[in-house]
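Note that the structure is a prediction, hence the values are computed from the model and not measured. Atoms within a ligand are numbered from 1 in the order they appear, just like the ligands themselves.
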Amino acid sequence: MIIVMKLGTPVEQVEKLKRKVCSLGCEIHESIGENYWLLGLVGDTSKVDKSQLLANRHVEKVIAVQEPFKKANKLFHPENTVVRIGERQIGGNDFIVIAGPCSVESEEQIVGIAQEIKKIGASFLRGGAFKPRTSPYSFQGLGDEGLELLKIARQKTGLPIVTEIMSPHKLAKFIDDVDIIQIGARNMQNFDLLKEVGRSGKPILLKRGMCATIEELLMAAEYIMSAGNSEVILCERGIRTFEKYTRNTLDLSAIPVIKKYSHLPVIVDPSHASGLWWLVEPLAKAALVVGADGIMVEVHNDPAKAKCDGQQSIKPARFKLLMDKLRLLAKVENKNV
Ligand code: PEP
Ligand code: MN
């Protein structure tokens, strides 16, 4: 439920109404813009009487919110959320590019790739230190050492780092070391982890689970937001369908759908969506055109020898061609790459 206050309502009157609603057991999510003052009600609204609210002369109208996600709902927050990391912003007019290898393999590898992608124009460096692998016998990532190597790459290039957390036990270290904490597809519904990162105050990149609906993705964001963290960036990374030619099926329509129902920024991962390096460019271009706020792409200096996901990684030279094309497309879409 959303209470729309009349413009010019004295602050004391709004506060009085807020106290009354809170006493009925709801939490209030307030949103103030140039032309609106909204009180979004979260929690059990069964005791709130709509007609009593409408009897208050400072109330313009009361809107029922059908969707189960509230804080992530555009009705609660009509302006798009912009997540700021240093001078970079995700969710504004910029189309941001996060690039880097699937996993951190060595100092030489991560620093080398970071320097190349920085030169070409990426705005963030990605690289997994803790890897969620399907097989326990596959490379599991360098762990803490991988985080240290990412920090060296950041220090040498200035690129903020994005990396995946798998266990809440590592959260304190991630808060200190990482610029954006990634929640991977396999952990999208790890609710304890979502609550923990919700208390962190750090920007969170939340990837869509491979079998999750858009609503489930938004409910996962709601977990993070309801714990107090509104710095959430969503990521469409393909879902599992009957199609076998690609690793997953990129759900491009998820982008405009999310933009319609939520104020949160949303990016696309064409690498994990397709699983094939030659599909990265067409899908990345499509992502820009359907309105995504950016992409996350796997780039590797030597994909044939990559310890993880070499088949879907592009080399720096191809990454440059992709960036050139995205810059051209961005002009048409009024975005800055
Ligand atoms: C990744 O980005 O490294 C990753 C493992 O992706 P996903 O969680 O989407 O499979
Ligand atoms: Mn990968």
*Asks:* Would you mind running through ligand 1 and noting each atom that sits below 4.0 Å from a heavy atom of G184?
*Replies:*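 Close to G184: 8 (O).
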
*Asks:* Could you tell me whether a side-chain N or O of R126 sits under 3.5 Å from a main-chain N or O of P101, the two making a donor and an acceptor?
*Replies:*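 At least one qualifying donor-acceptor pair exists.
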
*Asks:* Pairs of nitrogen or oxygen atoms closer than 3.5 Å, one from K131 and one from ligand 1: do any exist?
*Replies:*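 It does: an N or O of K131 is found under 3.5 Å from an N or O of ligand 1.
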
*Asks:* If we only count N/O pairs under 3.5 Å, is A185 in contact with ligand 1?
*Replies:*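 Between A185 and ligand 1, an N or O pair is found under 3.5 Å apart.
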
*Asks:* Is there side-chain contact between K20 and Q52, with at least one heavy-atom pair below 4.5 Å?
*Replies:*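 Yes, at least one pair of side-chain atoms sits under 4.5 Å.
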
*Asks:* Write down the atom of D293, the atom of G91, and the distance for their closest heavy-atom approach.
*Replies:*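 Shortest heavy-atom separation between D293 and G91 comes out as OD1-CA, 3.7 Å.
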
*Asks:* Starting from atom 9 (O) of ligand 1, find the nearest protein heavy-atom neighbour and note its residue, name and distance.
*Replies:*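 Of the protein heavy atoms, R237 NE, 2.6 Å lies nearest.
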
*Asks:* How are the rings of H29 and F76 set relative to one another: parallel (under 30°), tilted (30 to 60°) or perpendicular (over 60°)?
*Replies:*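 Geometry flag for F76 against H29: tilted rings.
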
*Asks:* Return the closest protein heavy atom for atom 6 (O) of ligand 1 as residue, atom name and distance.
*Replies:*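 Ranking protein heavy atoms by distance from atom 6 (O) of ligand 1, first comes K207 NZ, 2.9 Å.
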
*Asks:* Is it the case that K307 places NZ or CZ above or below the six-membered ring of F139, under 6.0 angstrom from the centre and within 45 degrees of the axis?
*Replies:*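 Satisfied, under 6.0 Å and within 45°.
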
*Asks:* Pick one of side chain, backbone, both or neither for how R126 approaches ligand 1, counting any non-hydrogen atom pair under 4.0 Å.
*Replies:*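 Looking at R126 and ligand 1, just side chain atoms fall under 4.0 Å.
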
*Asks:* Can you name the residues that form a salt bridge (charged side-chain N to carboxylate O under 4.0 Å, His left out) with D177, not counting sequence neighbours?
*Replies:*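 By the salt bridge (charged side-chain N to carboxylate O under 4.0 Å, His left out) rule, D177 matches K151, K173.
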
*Asks:* Check which hydrophobic residues are tied to L39 through side-chain heavy-atom contacts below 4.5 Å, counting indirect links as well, and list them.
*Replies:*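 Hydrophobic cluster check, L39: joined to M1, I3, M5, V11, V14, L17, V21, L24, I28, I32, W37, L41, V48, L53, L54, V59, V62.
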
*Asks:* Once salt bridge (Lys or Arg N to Asp or Glu O under 4.0 Å) is applied, what residue pairs with a partner in residues 212-237 remain, sequence neighbours excluded?
*Replies:*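 Qualifying pairs, neighbours excluded: R208-E236.
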
*Asks:* Between K71 and E27, does at least one N-O distance fall below 4.0 Å, as a salt bridge requires?
*Replies:*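 Yes, K71 and E27 are salt-bridged.
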
*Asks:* Which of the protein's N, O or S atoms come within less than 2.8 Å of the Mn ion (ligand 2), not counting waters?
*Replies:*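 Atoms qualifying: C102 SG, H272 NE2, E298 OE2, D309 OD2.
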
*Asks:* Can you give me the closest heavy-atom contact between L234 and A221, atom names plus distance?
*Replies:*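 So the two residues come closest at CD2-CB, 4.0 Å.
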
*Asks:* Using a plain distance cutoff, I'd like to know if E164 has any nitrogen or oxygen under 3.5 Å from a nitrogen or oxygen of ligand 1.
*Replies:*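 N/O-N/O distance under 3.5 Å: no.
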
*Asks:* Tell me: protein heavy atom nearest atom 4 (C) of ligand 1, and distance?
*Replies:*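 In this structure, atom 4 (C) of ligand 1 has H272 NE2, 3.5 Å as its nearest protein heavy atom.
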
